Amino acid sequence: MRTRQIELQVMRYDPEQDQEPRFQNYSVSCQEDWAILDALNYVKENIDTTLSYRWSCHMMVCGSCGMMINGEPSLTCKTFIRDLPDTVRVEPLANFPIERDLVVVLDDVMEKLQRAQLYIIRKDDPPAATTEYEQSPAALQKFKQYTMCINCMACYAACPQYALDKDFIGPAVLALAHRYNLDSRDQGRAQRLDILADHDGAWNCSFVGACSEVCPKHVDPAAAIQQMKIDGTLQWLKQKLLPGGKA
Amino acid sequence: MEHVKTDIAIVGAGGAGLRAAIAIAQANPQLQVALISKVYPMRSHTCAAEGGAAGVKRADDSLEMHFNDTVSGGDWLCDQDVVEYFVQQAPLELVQLEHWGCPWSRDADGSVAVRPFGGMKKERTWFAADKSGFHILHTLFQTSLQYPSIQRFDEFFCLDLLHENGRCTGVAAMEMRSGRFFHFEASAVILATGGAGRIFPFTTNGAIKTGDGMAMAYRAGVPLKDMEFVQYHPTGLPGTGILLTEGCRGEGGILVNRHGYRYLQDYGMGPETPIGKPVFKTMELGPRDRLSQAFWHEQKKGNTVATAWGDCVLMDMRHLGEKRINERLPLVRELSTSYVGVDPVKDPVPVRPVAHYMMGGIDTNIDGETPLSGLYAIGETACGSLNGANRLGSNSLTELLVFGKRAALKASGYAAGQRKLPPGGDSQQQAHSAVARVRALLQGGKGTENLAGVRREMMSNLEEGAGIYRDEAGLQATCTAIAGLQQRFAGIEVHDKSNVFNTDLQQALELKNMLDVAETVSASALARQESRGAHQRLDFPARDDENFLRHSLASQRPGGAPEIGWLDVTITRSPPGVRNYSGNREP
């Protein structure tokens, strides 16, 4: 198979050694069918065993290997040598603290995933243990795309609002909350509203849409957030203005 | 060393670990659960499962049929009481997931859709397009977030089990972020660490699947059962080993050799069925072991297609049409297009068998209990003998749920009934030994050996000697080679000295785990002098019920080859018979 020499410029940072991040260059002879992840694995096995990064599935679904590739938030297993120039800059995901080399600290988004109540909430009892909910293919289609989020956090790295304000709940978590709001089995929309429609929630989005552009799974968080703003307004009006609405 | 006291420590936060954690939190919110994983839960390899989860659903199906398919699929090495419980509980667990929000694909009437799968007599595989495992994992993870009694320890690498007086007392671990060591003190420990496909060079398994739980149990004196049974999935993408789901064939995809001939009919799986109209338990819907073995023969005969990544056969899905492929197999289309440059809508996709799943694992009974009191195991890391000598596709996702829950409830009862004892000398000593082992790697190491080199040799030896077909000479050579690599491991130097997210160190610890697992695979395969399911011996080509209708048990013997013992198979109502995948004539 044909190979091509690629110059990888990889950001390195060990908090025990380095005052600040630095770049290290590795020259790698890459097969033309490789993804950037294969080149990193080549470095790790053959050139420099100290390079640290996360990866597992190598099939675009575990969400571990999100990094900046030539400035774009990307999955390294889904970014192919054939689509890249001879020099490739690999950096940890933007907008997150660096833990070590290409590994970022994810505490903030993990806390937000926890906070957003991303599970089915019921007021009524669910059906019997032997009986499924009825859900038409059309009802499934309403929220299906938002279930595709793999939590790679590329959207946070792309989000200009999250860059400015770390309190912003952010695209992936809002899209997932919207997924449950739209699910015909869920009755928790009002309960999620307090978290999602306040100033750290959907209203904080400046609608640049970068999140949707970089999503490797073609989820459209920007659309979810816009819909939530409308939902939030309607819900708020209903609660405030209708008799018997929750004040 | 930091101390964490908890009631139940669960190691591994994939499908099985999460299901267990939720079961405990629901059954007894007073019990503290420490959910410990070397990765964030969403990264667990459950996410890579594609095709679906089996459970009887249709009116024309029955528990009896699911039972029979599973037992014959497993070549009668399944414990039948376990299979009976499994098929009963399967539909309940799949409905439970539906209640938790799993986005199962639906029929037009709004009920959950089911698809055909290999070795199954009816459509009973519940699916969410071709990302079933991903959706199951995320549904479980998100559902688990509502239970305050579940405390997660993400990116903690477990080193060894702690035990004293025949009772498991906890686990020693290292926090990846800081390099700090933790002593988890627990009344019960549940291992849910997944399989060990990474001992092979060509595998569908993600980087994290290094057999950590199996190795920890083995080192703690718990036997590993039926380790010789390694499942090769017949349709992996060449080069990367990425899985193309059995759902491709369930939906009607066919396999052809380089002459365009549907070769499966030559290997007891005929007669040929009409294209696009798959027939249960025949041809492309035969079981995985038979399909992978057929490839081996086709390769010997020169009937495979030479590609840049080695010999392949072709999976043709063109007749399904773009609409159905997009609807039912979108990931398959994306993976084929991205990684081998073939769009299944337009061209047949090259595929070849790839190491996929360990039928064997930590010896457990139907309750997930291991011989070590207080230690439980679930999911791929366990061998509760549901799958016997060959697992049917889509039984394992359901297995995570059914036995994840059952073992969790058993462990809850056990933990609630245990008087909490302060850790005694043995546990402390073991925790310190585990730490010493890590420090030795970091500080010592003569540097005479290279980590990646030893790992490559392990992989190639296993593929060479313990692949789809095996024989005495090859297995003997593999056993000897693995023993040699165990010695050479001492010479490995970890170059990275940092305490922070040290993946060089982690890979060294994982390699040790894989070597431990690898020695049980090759030794068990050498001891089983018959051919059954996924274990095929060229020198013993027949199944031998008289001598080997038994589970193998590999126990560690420090400094030597594992000791192999045997355990009877539980047979309740299906005496060993003939596996028939020819024309669906089987009852």
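We name chains A, B, ... by the order of the sequence lines, and we start the count at 1 in each one. Computation of the quantities below employed the complete heavy-atom set of this structure, encompassing side-chain atoms and omitting hydrogens, waters and symmetry-equivalent molecules. Bear in mind that the values here come from a model prediction, so they are computed numbers and not experimental data.
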Does any backbone or side-chain atom of A/Asp101 lie under 4.5 Å from a heavy atom of chain B? Answer side chain, backbone, both or neither. neither
Just checking A/Tyr42: does its OH atom have more than 12 heavy atoms from other residues, nucleotides or ligands closer to it than 6.0 angstrom? no
Is there a donor-acceptor pair closer than 3.5 Å between any side-chain N or O of B/Arg43 and the backbone N or O of A/Gly63? yes
Please step through side-chain hydrogen bond (donor to acceptor under 3.5 Å, both in side chains) for the pair B/Asp504 and A/Thr49, ending with a clear verdict. CA-CA 6 Å; B/Asp504 197 11; A/Thr49 63; 2.9 Å; yes
Flag the one option from A/Ala116, A/Cys77, A/Ala139 with the top tally of heavy-atom pairs under 4.5 Å to chain B. A/Cys77
Between B/Ile208 and chain A, with a heavy-atom cut-off of 4.5 Å, which part of the residue counts as in contact: side chain, backbone, both or neither? both
Considering only heavy atoms from C-beta outward, does the side chain of B/Tyr339 approach that of A/Asp33 to under 4.5 Å? no
Please flag which part of B/Gln506 lies under 4.5 Å from any non-hydrogen atom of chain A: side chain, backbone, both or neither. neither
Proximity breakdown for A/Arg179 and chain B, heavy-atom pairs closer than 4.5 Å: side chain
Check: B/His45 side chain, A/Cys62 main-chain N or O, donor-acceptor pair, under 3.5 Å: no
Interface moiety of B/Asn499 toward chain A, non-hydrogen atoms closer than 4.5 Å: both
Contacting moiety of B/Lys131, where chain A heavy atoms sit under 4.5 Å: side chain
Report the C-alpha distance between B/His138 and A/Met148 in whole Å, list the side-chain angles of each, state the deciding distance to 0.1 Å, and finish with yes or no for side-chain contact (heavy atoms from CB on, under 4.5 Å). CA-CA 10 Å; B/His138 281 248; A/Met148 305 305 251; over 6 Å; no
Heavy-atom pair count under 4.5 Å with chain B, highest-scoring of A/Asn151, A/Leu113, A/Leu106: A/Asn151
Under the 3.5 angstrom rule, does the side chain of A/Gln114 hit a backbone N or O of B/Leu145 as a donor-acceptor pair? yes
Backbone N/O of B/Phe501 and side chain of A/Ser52: donor-acceptor pair under 3.5 Å: yes
Answer yes or no: is there a donor N or O on one side and an acceptor on the other, between the side chain of A/Glu134 and the main chain of B/Ser111, under 3.5 Å? no
Checking B/Leu331 against chain A: side chain, backbone, both or neither under 4.5 Å from a heavy atom? side chain
Lys/Arg-Asp/Glu bridge criterion (N-O < 4.0 Å) met for B/Arg177, A/Asp107: yes
Select one option (side chain, backbone, both, neither) describing which atoms of A/Tyr53 are under 4.5 Å from chain B's heavy atoms. backbone
Contacting moiety of A/Met59, where chain B heavy atoms sit under 4.5 Å: both
Top contributor to chain B contacts, counting heavy-atom pairs under 4.5 Å, from A/Leu176, A/Leu118, A/Asp38: A/Leu118
Pair A/Arg185 + B/Glu98, salt bridge at N-O below 4.0 Å: yes
Would B/Ser498 and A/Asp14 count as having a side-chain donor-acceptor pair, cut-off 3.5 Å? yes
Which portion of B/Pro91 sits near chain A, non-hydrogen atoms under 4.5 angstrom: neither
Worked check of side-chain contact (heavy atoms from CB on, under 4.5 Å) between B/Trp104 and A/Glu132: CA-CA 11 Å; B/Trp104 295 120; A/Glu132 60 203 68; over 6 Å; no
Side chain B/Arg106, main chain A/Ser136, donor-acceptor under 3.5 Å: no
Interface residue of largest heavy-atom contact number with chain B, from A/Thr130, A/Ile150, A/Asp186, under 4.5 Å: A/Ile150
Is it the backbone or the side chain of B/His495 that comes under 4.5 Å from a heavy atom of chain A, or both, or neither? both
For the candidates A/Gln117, A/Arg54, A/Lys144, which exhibits the highest count of non-hydrogen atom pairs separated by less than 4.5 Å from chain B? A/Arg54
With chain A as the partner, which of B/Gly206, B/Ala308, B/Ser338, B/Ala48 has the greatest number of non-hydrogen pairs under 4.5 Å? B/Ser338
Among the listed options B/Arg152, B/Gln507, B/Gln142, the residue most often paired with chain A at heavy-atom distances under 4.5 Å: B/Gln142
Measuring heavy-atom distances to chain A, does B/Glu50 have an atom under 4.5 Å in its side chain, in its backbone, in both, or in neither? side chain
For the residue pair A/Lys44 / B/Thr503, report whether a side-chain donor-acceptor contact shorter than 3.5 Å exists. yes
Could you check A/Arg122 against B/His99 for side-chain contact (heavy atoms from CB on, under 4.5 Å), going step by step and ending with a plain yes or no? CA-CA 10 Å; A/Arg122 294 287 298 175; B/His99 289 187; over 6 Å; no
Check this for me, if you would: do A/Glu16 and B/Lys497 make a salt bridge, where the nitrogen-to-carboxylate-oxygen distance has to be below 4.0 angstrom? no
Please flag which part of B/Lys38 lies under 4.5 Å from any non-hydrogen atom of chain A: side chain, backbone, both or neither. neither
Would you indicate whether the side-chain heavy atoms of A/Lys78 and B/Glu334 approach each other to under 4.5 Å? yes
Using the side-chain contact (heavy atoms from CB on, under 4.5 Å) rule, take B/Phe134 and A/Val61 through it: C-alpha gap first, then chi angles, then the decisive distance, then the call. CA-CA 7 Å; B/Phe134 164 78; A/Val61 72; 3.8 Å; yes
Look at A/Ala129, A/Pro126, A/Cys57 and state which one has the largest set of heavy-atom pairs under 4.5 Å with chain B. A/Ala129
